[in-house]
Number of protein chains: 2
Amino acid sequence: MIDQLKSIFLFSHLSEEDLTHLASIGKFREYNSGETLFYEGSFSDKLYILMKGIIKAYKTDMKENEIVLHYFYPVSLVAEMANLYHIPFPATAEFQTNGYVFEIDYPLFERDFLKNPTVSFELIKSLTQKLKYLEEVITTRLALDATSRVAKFLYENGDISDSTKRHKIATILGLTPETLSRSFKKIKILGLISDEGKNFTILNREGLKELFS
Amino acid sequence: MIDQLKSIFLFSHLSEEDLTHLASIGKFREYNSGETLFYEGSFSDKLYILMKGIIKAYKTDMKENEIVLHYFYPVSLVAEMANLYHIPFPATAEFQTNGYVFEIDYPLFERDFLKNPTVSFELIKSLTQKLKYLEEVITTRLALDATSRVAKFLYENGDISDSTKRHKIATILGLTPETLSRSFKKIKILGLISDEGKNFTILNREGLKELFS
DNA sequence: AAGCTCCATTGATATAAATCAAATTTGTAA
DNA sequence: TTACAAATTTGATTTATATCAATGGAGCTT
């Protein structure tokens with residue numbers, strides 16, 4: 001366990017003594033695909049570090065549609081802001097695959113670790129990263145129309161392979177599958193991409209960029 | 001100048017020596033109402049602390065509409081994230097009133113102050129605050145429809161007095177003045193608010209809450 | 001007080017994307 | 001291979017809000 005904790009960026013510089021203490025105030029907990037780590041609006045005094053698996057963070061709008069904020073991959077701090085400010089979770093976190101988290105008693109963590117310079121530096125990095133994700137959501141979903149969003153997605157993610165479900169892309173971009181399909185078609189007609197079966201190949205990357213900037 | 005720096009939360013615990021050094025790597029700079037501190041997409045190696053005045057932070061969408069992210073009041077760090085990650089400013093910052101900032105050479109600040117525990121703690125607080133603002137923008141503009149947004153605004157801001165221009169409220173909520181007017185009307189018909197001239201009085205605060213949650 | 005200018009309101013129309021409804025394609029299991 | 005299920009595409013319609021256009025005050029200026 002100590003070894004595993006040491007592999008977490010946040011704790012990589014802690015002493016053996018600190019790591020032992022850390023191990024005593026936290027534990028690993030497994031989740032299955034589809035299980036929810038926490039719900040939007042709920043409270044918790046646990047700090048979560050995703051160790052394995054993929055977590056989708058999303059809000060729900062008035063029509064029960066998901067607004068996907070981000071997909072988390074290991075190793076990530078999840079929702080540290082709720083801990084830092086003792087506020088309810090701003091989003092729901094749901095496992096997309098099987099995985100597990102390291103779950104820490106936050107009040108004790110704050111007391112014993114938050115003043116550690118490495119820990120606070122990593123926390124700053126993690127918070128900044130999250131700011132970037134939210135900026136990204138705002139840029140994509142408030143500043144761009146449907147076709148521009150799709151062009152941006154293609155520009156940033158490269159060729160779309162079979163395995164990526166259209167439905168998932170649509171959810172990420174905040175579009176319905178129908179609208180996504182129509183946008184792909186527009187971009188195809190512009191000659192910026194070509195499709196062979198389910199896969200798209202990008203023909204003109206700079207052209208795509210033109211569409212969203 | 002040293003005294004003024006000491007009044008900044010971020011630096012309140014610094015030694016005289018540190019404050020003198022800080023004064024040597026930064027300076028005060030005045031701005032008039034309407035002037036722009038920085039533009040979305042531009043770079044700077046300056047860290048800005050708003051000392052006086054109000055700053056509007058906004059992005060611009062494809063139709064040249066403003067997406068207001070936040071209004072900053074003194075004393076606030078502005079756009080520290082761009083400094084921390086050496087990335088372009090994610091939004092434009094424009095003075096809404098006359099004011100001034102304390103402008104610090106960021107590379108030197110990072111070298112000499114970032115590891116100070118008080119400074120990093122305050123930085124964490126500031127970043128967390130900004131995350132909350134962005135969450136708020138997402139909740140308001142992506143998860144709620146026009147009338148719900150207005151109800152939420154009324155619920156959170158209380159009675160609307162004459163001095164608050166409808167046009168400004170509309171911009172904050174991401175609505176046109178026409179739509180704002182129609183939403184006010186709906187809420188008035190529901191008997192949740194009443195208007196005497198230009199002022200609104202809230203008649204049923206819990207009723208307002210029902211509309212957006 | 002008359003006339004102006006600035007907002008706010010109201011009404012009519014336009015627009016982008018969602019929704020609803022098939023039709024078609026792709027994937028999968030028998 | 002066939003048949004069924006799921007995903008995608010296409011077309012028609014609806015919906016929420018923006019846009020365009022006109023009207024109606026409220027507060028200023030002279």
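The chains referred to below are lettered A, B, ... by the order of the sequence lines, with proteins before strands, and numbering in each begins at 1.
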Nearest-Å distance, [atom1] ([X]) to [atom2] ([N])?
{"X": "Lys168(B)", "N": "dC7(C)", "atom1": "NZ", "atom2": "P", "value": "14 Å"}
{"X": "Asp195(A)", "N": "dT25(C)", "atom1": "CG", "atom2": "P", "value": "13 Å"}
{"X": "Lys185(B)", "N": "dT17(D)", "atom1": "NZ", "atom2": "C1'", "value": "16 Å"}
{"X": "Lys165(B)", "N": "dT9(C)", "atom1": "NZ", "atom2": "C1'", "value": "16 Å"}
{"X": "Leu180(A)", "N": "dT9(D)", "atom1": "CG", "atom2": "P", "value": "8 Å"}
{"X": "His167(A)", "N": "dA18(C)", "atom1": "NE2", "atom2": "C1'", "value": "15 Å"}
{"X": "Met62(B)", "N": "dA18(D)", "atom1": "CE", "atom2": "P", "value": "17 Å"}
{"X": "Arg141(A)", "N": "dA16(C)", "atom1": "CZ", "atom2": "P", "value": "19 Å"}

Tell me every residue that passes side chain to side chain donor-acceptor pair (under 3.5 Å) with [X], counting only those two or more places apart in sequence or in another chain.
{"X": "Tyr100(B)", "result": "Gln4(B)"}
{"X": "Arg205(A)", "result": "none"}
{"X": "Glu110(A)", "result": "Tyr106(A)"}

### Message
Using 30° and 60° as the class boundaries, would you call the ring planes of Phe102(A) and Phe11(A) parallel, tilted or perpendicular?
### Response
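Aromatic pair Phe102(A)/Phe11(A) classed perpendicular.
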### Query
Mind checking whether Tyr155(B) and Phe212(B) have parallel, tilted or perpendicular rings, split at 30° and 60°?
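Rings of Tyr155(B) and Phe212(B): perpendicular, over 60°.
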Mind checking what makes salt bridge (Lys or Arg N to Asp or Glu O under 4.0 Å) contact with [X], not counting sequence neighbours?
{"X": "Lys6(A)", "result": "Glu16(A)"}
{"X": "Lys188(A)", "result": "Asp195(A)"}
{"X": "Lys125(A)", "result": "Glu122(A)"}
{"X": "Lys56(B)", "result": "Glu66(B)"}

### Set of side chain to side chain contact (heavy atoms under 4.5 Å, CB included) partners for Thr179(B), sequence neighbours left out
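For Thr179(B), the residues satisfying side chain to side chain contact (heavy atoms under 4.5 Å, CB included) (neighbours in sequence not counted) are Ala146(B), Leu175(B), Thr176(B), Ser183(B).
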### Query
Who passes side chain to side chain contact (heavy atoms under 4.5 Å, CB included) against Ile172(A), sequence neighbours left out?
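Listed in chain order: Tyr71(A), Lys168(A).
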### Task
Would you mind classifying the nucleic acid contact of Leu175(B) as base, sugar-phosphate or nothing, using non-hydrogen atoms under 4.0 angstrom?
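The answer is sugar-phosphate, as Leu175(B) gets under 4.0 Å only of primed atoms, P, OP1 or OP2.
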For nucleotides 19-22 of chain D, give me every protein contact, N/O to N/O, under 3.5 Å, one pair per line with atom names.
| unit_1 | atom_1 | unit_2 | atom_2 | d |
| --- | --- | --- | --- | --- |
| dT19(D) | O4 | Arg182(B) | NH2 | 3.0 |
| dC20(D) | N4 | Glu178(B) | OE2 | 3.0 |

### Query
Does anything in residues 142-150 of chain B reach DNA chain D, meaning a heavy atom under 4.0 Å, and if so which residues?
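The answer is Asp145(B), Ala146(B).
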### Task
Rounded to 10°, tell me the angle between the two end axes of the helix from dA1(C)-dT30(D) to dA30(C)-dT1(D), each built from five pairs.
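About 20° separates the two local helix axes.
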